There are 2 protein chains.
Amino acid sequence: MRPEDLPEIRHLSLFRDMSQVNFNALMDSSYAQIFPPSLDLIRQGDLADFLHIVLDGSVELYASWGERECTMAVVEPVSTFILAACIRDAPYLMSARTLERTRIILVPSSDLRAMFRRDTEFAVAVINELAACYRSVVRSAKALKLRNSRERVAAYLLRQSLLAGGVLSYRLPVEKRLLASYLGMTPENLSRTLRALEAEGVKIDGARVIITDRDRLSDLARPDLLIDGPDLDALGAGASLPHARRGA
Amino acid sequence: MRPEDLPEIRHLSLFRDMSQVNFNALMDSSYAQIFPPSLDLIRQGDLADFLHIVLDGSVELYASWGERECTMAVVEPVSTFILAACIRDAPYLMSARTLERTRIILVPSSDLRAMFRRDTEFAVAVINELAACYRSVVRSAKALKLRNSRERVAAYLLRQSLLAGGVLSYRLPVEKRLLASYLGMTPENLSRTLRALEAEGVKIDGARVIITDRDRLSDLARPDLLIDGPDLDALGAGASLPHARRGA
DNA sequence: CCGAAAACTTGACACAGATCAAAGCAGGCT
DNA sequence: AGCCTGCTTTGATCTGTGTCAAGTTTTCGG
């Protein structure tokens with residue numbers, strides 16, 4: 001692990017409040033590793049040996065059942081994933097693969113479990129993180145059950161615009177194929193839906209999104225605080241995709 | 001609150017390991033209340049003032065968006081609900097209504113938040129509870145995205161049979177209307193699907209389910225440990241419905 | 001025990017979304 | 001640069017699921 005990584009990790013809400021000694025102890029038993037793109041890091045069903053912290057690159061969390069699979073989230077630096085499985089000492093419910101060349105810190109889950117018994121501040125941080133993750137998945141389950149795919153796409157486009165700072169133009173931060181899977185639809189259907197939305201206040205050109213009539217799009221998406229955030233919740237790794245960036 | 005309630009609450013994994021003094025303190029600031037059937041206990045969006053513990057009766061957790069609504073879970077005695085919102089001191093993401101006459105203990109969420117800073121065993125219990133809830137919602141999100149409605153129904157029927165102890169005949173523990181909503185489909189569609197499944201190894205007679213060919217049904221449902229459990233996870237209030245009972 | 005209200009079922013139909021197939025297009029690699 | 005793989009789009013078609021409407025059954029309160 002590089003020394004310059006430590007401050008970044010320390011800055012995560014999960015590790016921010018614990019004592020320096022305990023933080024050091026945790027980091028001492030951890031190690032960094034670099035993975036090439038499209039590499040499977042975790043297979044669902046395996047036992048959760050390590051908490052993962054993404055430092056560079058990005059990681060897709062996905063679930064599979066038989067032949068089918070679907071994207072559950074994408075994790076970007078700097079954040080952690082599969083905390084819950086580590087804590088329960090249980091099999092992972094999701095698989096993980098790198099989307100690009102990715103550097104990851106691995107924290108042994110046994111150390112983790114020992115640590116929150118010793119460090120109250122850490123325990124409180126874990127509690128907050130888990131509660132946030134939980135709420136984040138609940139939000140996406142609500143979206144899935146309450147909205148149809150057109151509404152989900154519209155809400156997604158609108159939300160990205162807000163996350164990028166209210167801009168009217170931005171680039172999709174993930175491939176459409178992946179976005180489709182995340183939104184619970186086929187790539188073909190997403191493609192058509194994006195096309196159809198051009199009559200509803202948004203122009204799509206490749207990965208570029210241009211919102212031409214925010215109110216109109218908003219009428220369709222009917223964004224909802226309790227589904228779309230603004231989530232102080234899902235800032236950690238819950239069940240969301242990367243944010244669009246201002247000016248990108 | 002009745003004195004005889006305390007042991008039952010104390011027995012919950014959430015409260016089992018904390019010190020007696022702290023448990024008493026928490027209970028002292030709590031109070032019981034009895035609600036009639038079909039009463040709205042919680043409206044999504046309200047601030048989370050109390051952790052709820054169901055002692056008698058049952059409670060439906062549901063989400064709404066505009067006119068639409070859907071069932072997220074049903075909570076039965078003795079267990080807690082909306083822990084995550086209490087911890088985050090955030091608005092509820094779900095609404096709650098009683099399904100029958102229901103007795104509930106209300107624990108002020110401020111006391112709760114103070115308590116896990118003071119009592120490490122309680123903090124650990126909260127961590128475990130939240131991790132379990134999280135995993136439970138992930139499971140149901142996976143089911144929703146990976147299976148079609150017929151597969152979800154088949155898996156549900158099979159799972160209930162196992163939860164009731166592997167029986168081949170049991171009664172549905174909830175109304176079909178509610179089950180449909182939980183499974184993300186319309187009542188009409190559920191009705192037709194149940195009918196169609198009669199060619200696949202189950203017989204449905206009103207609320208009675210008779211599994212006539214477990215293997216055949218299993219082939220269709222393809223039950224999966226990482227979706228359907230057996231979840232040591234969702235024994236608490238995650239995102240599940242009541243279990244069928246042996247002999248019912 | 002009866003009547004009203006609610007839950008459930010069934011049928012006809014419409015539409016959203018999946019699938020299959022094939023044609024562009026773009027990005028990465030040698 | 002140029003090829004090749006994999007993403008994306010488009011079209012045609014089909015299936016699953018929702019909707020509307022009417023009927024039946026069950027439940028529950030008086």
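A, B, ... follow the sequence lines: proteins, then strands. Residue 1 opens every chain. Computed from a predicted structure; not experimentally measured.
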Enquirer: Whole Å only: how far is the CZ atom of Arg177(B) from the C1' atom of dT26(D)?
Expert: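 Checked: the CZ to C1' distance equals 14 Å.
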
Enquirer: With heavy atoms under 4.0 Å as the rule, sort Thr193(A) into base, sugar-phosphate or nothing.
Expert: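 Touches nothing.
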
Enquirer: Lys142(A) side chain to Leu226(A) main-chain N or O, any donor-acceptor pair under 3.5 Å?
Expert: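 Yes, Lys142(A) side chain to Leu226(A) backbone: donor-acceptor pair under 3.5 Å.
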
Enquirer: Test Val153(A) against every option in Leu183(A), Asn148(A), Leu179(A) by the side chain to side chain contact (heavy atoms under 4.5 Å, CB included) rule and name the one that passes.
Expert: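 Among the candidates, only Leu183(A) passes.
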
Enquirer: For the pair made of CD in Glu175(B) and P in dT27(D), what is the distance, rounded to whole Å?
Expert: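 Glu175(B) atom CD is separated from dT27(D) atom P by 10 Å.
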
Enquirer: Between Arg147(B) and Asp224(B), is the closest basic N to carboxylate O distance under 4.0 Å?
Expert: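 Looking at Arg147(B) together with Asp224(B), the answer is no, because their closest N to O distance does not fall below 4.0 Å.
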
Enquirer: When you measure from the side chain of Ser169(B) to the backbone of Ile210(B), do you find a donor-acceptor pair of N or O atoms at a distance under 3.5 Å?
Expert: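 Not at all, since once roles are kept as given, no pair shorter than 3.5 Å links the two residues.
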
Enquirer: Within residues 178-191 of chain B, find the residues that approach DNA chain D with a heavy atom at under 4.0 Å, and present them sorted by residue number.
Expert: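 Residues of residues 178-191 of chain B under 4.0 Å from DNA chain D: Gly184(B), Met185(B), Thr186(B), Glu188(B), Asn189(B).
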
Enquirer: In this structure, how many angstroms lie between the P atom of dC25(C) and the CG atom of Asp205(A), rounded?
Expert: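 Interatomic distance, CG of Asp205(A) to P of dC25(C): 12 Å.
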
Enquirer: Leu172(A) CG to dC7(D) C1': how many Å, rounded?
Expert: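 Interatomic distance, CG of Leu172(A) to C1' of dC7(D): 13 Å.
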
Enquirer: Report the distance from atom CG of Leu144(B) to atom C1' of dG16(D), rounded to the nearest whole Å.
Expert: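 Atom CG in Leu144(B) sits about 15 Å away from atom C1' in dG16(D).
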
Enquirer: Ignoring hydrogens and angles, tell me if any N or O in the side chain of Tyr134(A) forms a donor-acceptor pair with the backbone of Ala85(B) under 3.5 Å.
Expert: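 Not a single qualifying donor-acceptor pair exists.
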
Enquirer: Separation of Glu151(B) atom CD from dT17(D) atom C1', in whole Å?
Expert: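 Rounded to the whole Å, the gap is 14 Å.
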
Enquirer: Any donor-acceptor pair under 3.5 Å between the side chain of Arg192(B) and the base of dT15(D)?
Expert: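 Between dT15(D) and Arg192(B), which were checked side chain against base, a qualifying N/O pair under 3.5 Å is absent.
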
Enquirer: Across the strands shown, which category fits Arg195(A) at heavy-atom distances under 4.0 angstrom: base, sugar-phosphate, nothing?
Expert: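 The answer is sugar-phosphate, as Arg195(A) gets under 4.0 Å only of primed atoms, P, OP1 or OP2.
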
Enquirer: How bent is the helix from dC1(C)-dG30(D) to dA23(C)-dT8(D), measuring the angle between the end axes built from five pairs each, rounded to 10°?
Expert: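 About 50°, once rounded to a multiple of 10°.
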
Enquirer: Rounded to whole angstroms, how far apart are CD on Glu100(A) and C1' on dG27(C)?
Expert: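 Going from Glu100(A) (CD) to dG27(C) (C1'), I get 15 Å.
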
Enquirer: I'd like to know if the side chain of Lys145(A) and the backbone of Ala63(B) have a donor-acceptor N/O pair within less than 3.5 Å.
Expert: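 No, Lys145(A) side chain to Ala63(B) backbone: no donor-acceptor pair under 3.5 Å.
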
Enquirer: Mind calculating the distance between CD1 (Ile204(A)) and P (dT8(D)) to the nearest angstrom?
Expert: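 Rounding to the nearest Å, CD1 of Ile204(A) and P of dT8(D) are 13 Å apart.
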
Enquirer: Give every donor-acceptor pair under 3.5 Å between a side-chain atom in residues 30-48 of chain A and any protein atom, sequence neighbours left out.
Expert:
| unit_1 | atom_1 | unit_2 | atom_2 | d |
| --- | --- | --- | --- | --- |
| Ser30(A) | OG | Leu26(A) | O | 2.7 |
| Asp40(A) | OD1 | Tyr62(A) | OH | 2.7 |
| Gln44(A) | OE1 | Ser64(A) | N | 3.1 |
| Gln44(A) | NE2 | Ser64(A) | O | 2.8 |

Enquirer: Is it true that a side-chain atom of Thr212(B) and a backbone atom of Gly201(B) form a donor plus acceptor pair closer than 3.5 Å?
Expert: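 Between the backbone of Gly201(B) and the side chain of Thr212(B) there is a qualifying donor-acceptor contact (under 3.5 Å).
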
Enquirer: Using 30° and 60° as the class limits, which term best fits the ring planes of His52(B) and Phe81(B): parallel, tilted or perpendicular?
Expert: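 Tilted.
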
